[in-house]
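Take a look at the structure set out below.
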There are 2 protein chains.
Amino acid sequence: MPRLSAERLAARRERILDAAWACFGRYGYAGATVRRLEQATGMSRGAIFHHFGDKEMLFLALVDREARRIAVMAGRRDAVGLMREMLADAGAGDGHGGLELWWEISHRLRTEDGFRTAWATHAEAVTGAITRRLEHQRGAGRVRSDVPVRALALYLQLICEGLVSQLADVPASDELHAVLDFVTDSLR
Amino acid sequence: MPRLSAERLAARRERILDAAWACFGRYGYAGATVRRLEQATGMSRGAIFHHFGDKEMLFLALVDREARRIAVMAGRRDAVGLMREMLADAGAGDGHGGLELWWEISHRLRTEDGFRTAWATHAEAVTGAITRRLEHQRGAGRVRSDVPVRALALYLQLICEGLVSQLADVPASDELHAVLDFVTDSLR
């Protein structure tokens with residue numbers, strides 16, 4: 001393998017993660033075979049695993065990156081708006097809009113103690129980001145002030161987890177959008 | 001095996017289901033081995049499978065009975081109250097208060113088309129029961145009238161699914177009770 005600068009290595013790593021994310025999201029962990037990962041990334045297994053060791057480590061790197069991305073987004077954007085995008089993605093095309101990967105995460109949280117421990121830090125970062133954003137919005141008079149913001153942040157996360165879970169057995173529907181309208185109202 | 005009256009057969013069937021429910025709830029599907037099912041029911045595998053064919057059919061009979069039970073309860077009792085009980089059960093003792101079984105149900109909804117189809121009828125029955133109860137409460141002035149009751153029913157189910165999902169990685173906490181307080185308020 002030719003030598004690459006640190007910058008180009010990092011860029012290649014990101015490119016593998018982007019393609020792998022779509023592949024895991026579409027086929028799930030078990031379905032994202034090495035062959036499919038090769039097709040998705042346009043790289044050989046040797047090149048992929050040079051960067052990530054093995055499929056399990058690639059998956060953990062994806063989870064780590066995604067959790068950080070969500071914490072950043074949750075601090076910047078409206079949580080209900082993000083959920084609406086999730087609904088739209090789930091309804092478009094096949095592969096459940098990346099939900100396969102979330103179901104794998106849910107499954108591991110239930111069955112792997114080590115994963116649960118590693119995840120706790122990420123979960124707290126997301127709660128913290130949503131809480132700070134709600135505080136800011138409360139300051140601007142856009143969020144009700146009779147309920148602790150942290151309770152509202154946990155409430156939004158419950159709704160989001162319920163949505164991820166529900167989308168396994170019901171299609172994304174206008175009814176779910178109506179529920180999100182109600183959630184938006186309930187925060188005011 | 002001695003002949004039993006239809007009534008005694010039905011009673012024995014129920015007794016097996018009660019014990020199996022606790023066993024699956026504590027150990028999960030894979031962990032509820034035939035040996036553990038024998039211990040839990042106090043019956044031999046021959047007696048158990050005389051009634052239910054095999055472990056898979058026993059599981060499906062459990063899911064069917066539980067879904068009907070929930071639809072009946074949802075029509076009679078306050079949904080948030082039922083969620084509070086779920087929280088209390090999850091926090092008490094080991095075995096996640098029966099949640100293992102719900103996680104198995106979630107997992108099958110994601111991975112088995114046949115199961116998802118069979119489940120849709122149950123899910124609609126629960127939504128219907130919650131909707132009728134909310135309508136009744138709205139008639140008595142206890143539920144807000146500016147949002148369709150069906151949206152509120154779906155909202156309550158989202159919260160409940162979020163709770164089941166969240167209890168996989170966070171312990172039942174006072175914070176979750178505070179969220180349920182807020183949910184109760186949001187319906188008024």
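Reminder, nothing fancy here: chain letters follow the sequence lines and each chain counts from 1. All values below come from the heavy atoms of this structure, side chains included, with hydrogens, waters and symmetry mates left out.
The CZ atom of B:Phe182 lies 7.5 Å from the CG atom of A:Asp146; values are rounded to the nearest 0.5 Å. Note: A:Trp103 CH2 to B:Ser165 OG = 12.0 Å, rounded to the nearest 0.5 Å. Interatomic distance, CG of A:Leu158 versus CG of B:Leu176, reported as 6.0 Å (0.5 Å rounding). Taken to the nearest 0.5 Å, the SG atom of B:Cys160 stands 10.0 Å off from the CD atom of A:Gln166.
Within a 6.0 Å radius of CZ in A:Arg8, no more than 12 heavy atoms belonging to other residues, nucleotides or ligands are found. Environment of CD in B:Glu7: sparse, with no more than 12 heavy atoms of neighbouring residues, nucleotides or ligands closer than 6.0 Å.
The residue from A:Leu154, A:Ile159, A:Leu152 that alone fulfils the side chain to side chain contact (heavy atoms under 4.5 Å, CB included) condition with B:Val179 is A:Leu154.
Residue A:Arg108: no heavy atom, backbone or side chain, is found under 4.5 Å from chain B.
Contact count against chain A (heavy-atom pairs under 4.5 Å) is highest for B:Glu161 among B:Arg150, B:His107, B:Glu161.
No path of Ile, Leu, Val, Met, Phe, Trp and Tyr side chains, each step under 4.5 Å between heavy atoms, connects A:Val34 with A:Met57, placing them in separate hydrophobic clusters.
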